[in-house]
Amino acid sequence: MQQYRTHNCNELTKENIGMQVKLSGWVQKIRNLGKMKFIDLRDELGITQIVISDDLQDSTKEITTESTIMVCGEVVERQSKNYKIKTGEIEVIAKQINILGKCNTVLPFEINSNEQNDVREDLRLEYRFLDLRNDKIHKNILLRSKILQTLREEMNKMEFIEIQTPILTSSSPEGARDFLVPSRLHPGEFYALPQAPQQFKQLLMVAGFNKYYQIAPCFRDEDPRADRSPGEFYQLDFEMSFATQDDVLKVLETVILNTFRKHAKGTVDLNVSRIPYLEAIEKYGSDKPDLRNPLIIEDVTSILSNLEFRAFQNKIVKAIKIPNGASQTRKFFDNLSEYVVEELGAKGLAWLKIENGLNGSIAKFITPCVEKDLIEKIGAKEADAVVFIADDKEKASKIAGGVRIELGKRLNLIEKDVFRFCFIVDFPMYELSDEGIINFNHNPFSMPQGGMESILNSNPLDILAFQYDMVCNGYELASGAVRNHDQDVMIKAFEIAGYTKEDVEKKFGALFKAFSYGTPPHAGAAPGVDRIVMLIAGEENIREVIAFPKNKKARDLMMKAPSAVTQKQLDEVHIALKTSEKK
RNA sequence: GGCCUGGUAGUUCAGUUGGUUAGAACGCUGCCCUGUCACGGCAGAGGUCGACGGUUCGAGCCCGUUCCAGGUCGCCA
């Protein structure tokens, strides 16, 4: 007989009645009835009920919840069946029980408890090895494994090859802060952990690899968000040579939609629309619109900015029509208005109801002529309501986007159990910073649309890039670009953002040099693995799909990282701490 | 870094206008119980009320400072 188990805890059924079996697992629950007791024995796959009769009472006295035990016994049919579990028609009468690993410490929280207690997250993180025994999160990690498998299968099917790139590399000029690693062999010099394998994958294209991918760890020293893991995260990084934007979007569609179709519960909308960046901002007030939300933002500046109403004068005015919104109370609009002012930084929120004419905060300013234009423009009808946001050009769309999301939530307009995707394309190449300086908007490696011609002859702020995001239900799932592989265009593009040729050579030394040796046009993207798993698992917090996540302050509460090191270690890497920062 | 919310038993929480010995549920320990599966019954242990300072005759509660945690904005090409 096997040493620890002949079966898993999910597999014994009526078919096995009469068999002598051996099971091993965790003690999830002991129900002691005096001269007999029941144990729910759990392993990763399921639960089997063990019956302990009077003669084994002494040897089982020591068994505690969450200990690991091995049970030898016979499978019998239950007198009273439990149809809630797969093995509920049988039980195992124990003949011998061995404690394999005793749980002899008070548990910091209950595991798989029926109580609906949400345990404090920092405690869960400190005892993650116990938290991961909880069914819900355990299943998330199993799901993650299945998703990773599918991602690899899909990429392999499309003839991408997996190549690993360095973790210790040089500090890069990309956007986020680097994690630095001091060099022992080279005093005063540092490695950096890659924010993404960006330059490596481009160099692989120069090296003649046709299609590369990697499930790559990426490191960025930035503050986390609910949907953003602090410090480290994984991307399905890929790059293709002799490829266009369409080629990449096709790959993204294939790998992402197939993965969602295979693993997600709910409908996967296979129609992936392409929305130009400016249109997305105009209609949704966001470059990652949630298409499950039916509300659309309309620009009504030309109709309303001439009203007597001073808040609209010389402002951009955005409107959102709420179908059948006239039934909402004044209180509803007041509450919404409060939210918009306090949370979104708007100056106010105007609203109108269309019921027997116009009602609402700005009704008295609307002349019949304006009313006709307005209703025509936004397609409003009787019983609808409209809210208005007026602000500067830069803020109006963003605030309207926030109102759109909040209205969707408050009116319960967001479709359930469906995944709606879109590509956001045509991102502007440059943006104007707060200081009035022209910066790269997104990714300095991307190819400006129109190439050298547009770089030389256009207003920089009008130049679009071959740059794209894939968005699902309001989350940015992937980001990519056709890369700028032309040295001359690159120099010019960087010149506009205030970099000299020497800067470029210095910052992107290897890449820039490589481009002078015959470079294939290439393009790629990088879907965020954690976020894909989060969406498929239906979680709103990314830490629920990561086995050992860091907390909000980027600490590993279980391993106690980061932590102080010995003076000897510091000396070896030639680091002296500022005295004020020593702990 | 800004703003918001929270920190009371092992866990999740309640705690009245500032007033006797700080409570409940689950968990834990002991005893009883042969058909439970959210087992049941009885008894019990378990608290620096995050920390420090202040106001007060008296502080879990009010004030200040600080630490920790979560959310959000900045940030994340």
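All values reported here derive from a predicted model rather than from experimental measurement. Naming convention: chains lettered A, B, ... in sequence-line order (proteins, then strands); numbering from 1 in each chain.
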Output one line per pair: protein atom, nucleotide atom from nucleotides 27-30 of chain B, and distance, for all N/O pairs under 3.5 Å.
from, atom 1, to, atom 2, distance (Å)
B:rG27, OP1, A:Lys29, NZ, 3.4
B:rG27, O4', A:Glu110, OE2, 3.2
B:rC28, OP1, A:Thr65, OG1, 3.2

Is a salt bridge present between A:Glu239 and A:Arg483, judged by a nitrogen-to-oxygen distance below 4.0 Å?
yes

Residue A:Phe109, side-chain heavy atoms: nucleotide from B:rG71, B:rU11, B:rC33 that is nearest
B:rU11

Touch class at under 4.0 angstrom, heavy-atom based, for A:Asn551 against every strand present
sugar-phosphate

If you check the A:Glu222 side chain, which of B:rA69, B:rC76, B:rG35 turns out closest?
B:rC76

Within residues 38-49 of chain A, the residues having a heavy atom closer than 4.0 Å to RNA chain B are A:Phe38, A:Gln49

Using atom P of each nucleotide, how far apart are B:rA45 and B:rA22 to the nearest Å?
13 Å

Output yes when a side-chain donor or acceptor of A:Lys201 lies under 3.5 Å from a complementary backbone atom of A:Phe238, and no otherwise.
yes

I need the A:Ile63 CD1 to A:Ile39 CD1 distance, nearest 0.5 Å.
4.5 Å

Is any side-chain heavy atom of A:His7 closer than 4.5 Å to one of A:Val92?
no

Between the protein and nucleotides 1-3 of chain B, which nitrogen or oxygen pairs come in under 3.5 angstrom?
from, atom 1, to, atom 2, distance (Å)
B:rG1, O6, A:Asp223, OD2, 3.4

With C1' as the reference atom in both, quote the distance from B:rG41 to B:rG7 in angstrom, rounded to an integer.
36 Å

The answer to which of A:Pro224 and A:Ile85 contacts RNA chain B further toward the 5' end, by nearest nucleotide, is A:Ile85

If you look at every strand shown and take non-hydrogen atoms under 4.0 Å, does A:Asp54 touch a base, only sugar-phosphate, or nothing?
nothing

Checking A:Arg120 against A:Glu126 for the salt bridge (charged side-chain N to carboxylate O under 4.0 Å, His left out) test, could you report, in this order, the C-alpha distance in whole Å, the side-chain angles of both residues, the deciding distance, and whether it holds?
CA-CA 10 Å; A:Arg120 236 178 43 237; A:Glu126 187 181 344; over 6 Å; no

Determine, for A:Lys550 against A:Glu232, whether the closest basic-nitrogen to carboxylate-oxygen distance falls under 4.0 angstrom.
yes

Among A:Asp131, A:Asn134, A:Asp118, the one residue meeting side-chain hydrogen bond (donor to acceptor under 3.5 Å, both in side chains) with A:Arg124
A:Asp131

Using a heavy-atom cut-off of under 4.0 Å over every strand shown, decide if A:Lys37 touches base, sugar-phosphate, or nothing.
nothing

How about A:Arg133 and A:His138: do any of their side-chain heavy atoms sit closer than 4.5 Å?
no

Identify which nucleotide among B:rU12, B:rA69, B:rG71 has an atom closest to any side-chain atom of A:Ala226, counting heavy atoms from C-beta outward.
B:rG71

Does either side chain, that of A:Asn82 or that of A:Gln49, offer a donor lying less than 3.5 Å from an acceptor on the other one?
no

Determine the contact category for A:Asp221: base if any of its heavy atoms lies under 4.0 Å from a base atom, sugar-phosphate if only primed atoms, P, OP1 or OP2 are that close, otherwise nothing.
nothing

Pick the C1' atom in B:rC33 and in B:rA25, then give their distance to the nearest Å.
23 Å

Can you check the distance between B:rC57 and B:rU66, where both ends of the measurement are the P atom (answer in whole Å)?
28 Å

In residues 72-82 of chain A, what residues come within less than 4.0 Å of RNA chain B, judged by heavy atoms?
A:Arg78, A:Gln79, A:Ser80, A:Lys81, A:Asn82

Report the distance from atom CD of A:Gln57 to atom P of B:rC31, rounded to the nearest whole Å.
11 Å

Sticking with atom C1', work out how far B:rA43 lies from B:rA38, rounded to a whole angstrom.
22 Å

A:Phe440 versus A:Met429: any side-chain heavy-atom pair under 4.5 Å?
yes

State whether A:Lys288 places a side-chain N or O below 4.0 Å from either non-bridging phosphate oxygen (OP1 or OP2) of B:rC76.
no

Detail all sub-3.5 Å separations between protein N/O atoms and N/O atoms belonging to nucleotides 42-49 of chain B.
none

How would you label the contact of A:Glu91 with the nucleic acid (heavy atoms, under 4.0 Å): base, sugar-phosphate, or nothing?
base

I'd like to know if A:Arg120 reaches the base of B:rC13 with its side chain such that a donor and an acceptor end up less than 3.5 angstrom apart.
no

B:rC39 phosphate, OP1 or OP2: any side-chain N/O from A:Arg31 under 4.0 angstrom?
yes

Do the side chains of A:Val248 and A:Met240 get nearer than 4.5 Å, heavy atoms only?
yes

A:Asp503 and A:Thr500: side-chain donor and acceptor closer than 3.5 Å?
yes

Can you tell me how far C1' in B:rU72 sits from the matching atom in B:rU55, rounded to whole Å?
34 Å

Using the C1' atom as the point on both nucleotides, what is the distance between B:rG19 and B:rC13, in whole Å?
24 Å

With sequence neighbours excluded, residues passing side-chain contact (heavy atoms from CB on, under 4.5 Å) with A:Pro562
A:Arg555

So does A:Asp426 pair up with A:Arg274, basic N to acidic O under 4.0 Å?
no

Hey, would you say the A:Phe445 and A:Phe508 ring centroids sit under 6.0 Å apart?
yes

Give A:Arg124 one of three labels, base, sugar-phosphate or nothing, depending on what nucleic acid heavy atoms sit under 4.0 Å from its own.
nothing

A:Arg410 charged N/C atom sitting above A:Tyr339 aromatic ring, 6.0 Å / 45°:
yes

Would you kindly compare A:Lys84 and A:Ile93 by the position of their nearest RNA chain B nucleotide and give the one closer to the 5′ end?
A:Ile93

A:Lys35 NZ to B:rC32 C1', in whole Å, measures 10 Å

Please measure how far the C1' atom in B:rG18 lies from the corresponding atom in B:rC63, and state the result in whole Å.
13 Å

Within the pair A:Asn541 and B:rG71, is there a side-chain N or O less than 4.0 Å away from OP1 or OP2?
yes

Would A:Arg31 and A:Asp40 satisfy salt bridge (charged side-chain N to carboxylate O under 4.0 Å, His left out), going step by step from the backbone distance to the final call?
CA-CA 8 Å; A:Arg31 288 181 294 278; A:Asp40 287 340; 2.9 Å; yes

Residues A:Glu77 and A:Lys81: closest non-hydrogen pair is OE2-NZ, 3.1 Å

